[in-house]
Amino acid sequence: MPNTNYHLALSGIVLAGGLSSRMGRDKALIPVEGVPLLRRVCDVALSCIGEASGKVSGQVYIVTPWPERYVDILPETCRFVREVPLPEESTPHGPLVGFAQGLAHVETDWVLLLACDLPQLNAEVVQGWVKQLQQTRDNGIDQRSPYGIALLPRNPKGWEPLCGFYRRQCLPSLTEFINQGGRSFQRWLAQHPVQELLVSDTRPFFNCNTPADLEQLEIQN
Ligand SMILES: Nc1nc2c(ncn2[C@@H]2O[C@H](COP(=O)(O)OP(=O)(O)OP(=O)(O)O)[C@@H](O)[C@H]2O)c(=O)[nH]1
Ligand SMILES: [Mg+2]
């Protein structure tokens with residue numbers, strides 16, 4: 001019988017180090033229904049991870065070169081990872097490097113990676129994904145494919161890299177890819193087996209990149 005009762009060790013990483021150049025102002029701070037986007041995403045992560053979630057233990061990390069911008073809008077339970085430039089480069093260096101710098105702090109086997117610009121993400125949906133991760137592991141699929149590096153939703157163009165689960169074990173491969181100059185999630189993921197996270201609704205992946213996206217959101221709400 002699969003054991004569905006044992007503890008899941010899961011951390012969260014929220015990326016908030018982009019330039020928001022298409023939006024023209026820091027997306028992380030834009031209020032949606034009165035709450036800054038970054039805070040909304042962190043609250044979703046915290047609802048699945050740590051004390052509030054019961055059986056799932058771990059930390060939620062915010063990866064950004066500028067923690068001081070966000071310290072006042074986030075709960076104290078979140079931990080900041082201050083991103084540093086790679087040698088001979090400056091920040092922002094893109095989400096793949098931000099993820100690698102965050103992952104270096106993670107102590108759990110699995111991590112939930114989220115972008116900060118996901119206004120439609122909600123706790124119920126992500127808690128369902130965490131259950132799927134738990135079932136994958138409890139059914140032994142986890143052990144049978146020990147080199148599967150991630151459990152991610154698919155979209156018509158590839159994987160949804162900023163909205164799913166990764167194994168901490170993927171850090172050496174990620175570091176090597178980055179050291180060779182790689183900066184694309186899709187290219188890195190294409191080199192490894194990835195399991196599909198099954199989703200019934202694609203709305204949670206709607207990411208708010210432009211003022212027009214924001215307007216569309218306001219019309220919907
Ligand atoms: N920590 C970190 N996060 C990043 C970096 N680049 C992008 N991100 C985050 O990755 C997510 C998706 O990025 P985009 O939607 O392209 O956001 P962006 O780079 O701020 O926006 P544009 O400048 O318009 O491309 C967002 O949560 C960004 O904050 C980076 O260099 N470091
Ligand atoms: Mg985006």
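FYI, the numbering just counts along the sequence from 1.
More than 12 heavy-atom neighbours from other residues, nucleotides or ligands sit within 6.0 angstrom of CD on Q186. Heavy-atom contacts from other residues, nucleotides or ligands closer than 6.0 Å to CD of E89 number more than 12. Within 6.0 Å of CZ in R203 there are 12 or fewer heavy atoms belonging to other residues, nucleotides or ligands.
Counting only residues at least two apart or on different chains, the side chain to side chain donor-acceptor pair (under 3.5 Å) pairs with a member in residues 25-38 are D26-R69, D26-Y70, K27-D117, K27-N209, E33-R40. Within the structure, every pair that satisfies the side chain to side chain donor-acceptor pair (under 3.5 Å) test and touches residues 8-19, not counting sequence neighbours, is listed here: S11-T108.
Follow the hydrophobic side-chain contacts under 4.5 Å out from L152 and you reach L171 in the same cluster. Cluster membership check: V126 does not share its hydrophobic cluster with V32, using side-chain heavy-atom separations under 4.5 Å among Ile, Leu, Val, Met, Phe, Trp and Tyr. Each of W159 and F206 belongs to its own hydrophobic cluster when Ile, Leu, Val, Met, Phe, Trp and Tyr are linked at side-chain heavy-atom distances under 4.5 angstrom. Linking ILVMFWY residues whenever their side-chain heavy atoms come closer than 4.5 Å, directly or via other members, leaves L37 and V35 in distinct clusters. Cluster membership for L121 and L217, using ILVMFWY side-chain heavy atoms within less than 4.5 angstrom, is not shared.
Ring geometry, W188 versus Y166: the interplanar angle falls under 30°, so the pair is classed parallel (tilted spans 30 to 60°).
The two atoms that bring N155 and E160 nearest to each other are ND2-OE2, 3.1 Å, heavy atoms only.
One finds the OG atom of S173 at 3.0 Å from the NE2 atom of H192 (value rounded to the nearest 0.5 Å). To the nearest 0.5 Å, the span separating OG1 on T136 from NZ on K131 amounts to 13.5 Å.
Not a single salt bridge (charged side-chain N to carboxylate O under 4.0 Å, His left out) links R22 to another residue, sequence neighbours left out.
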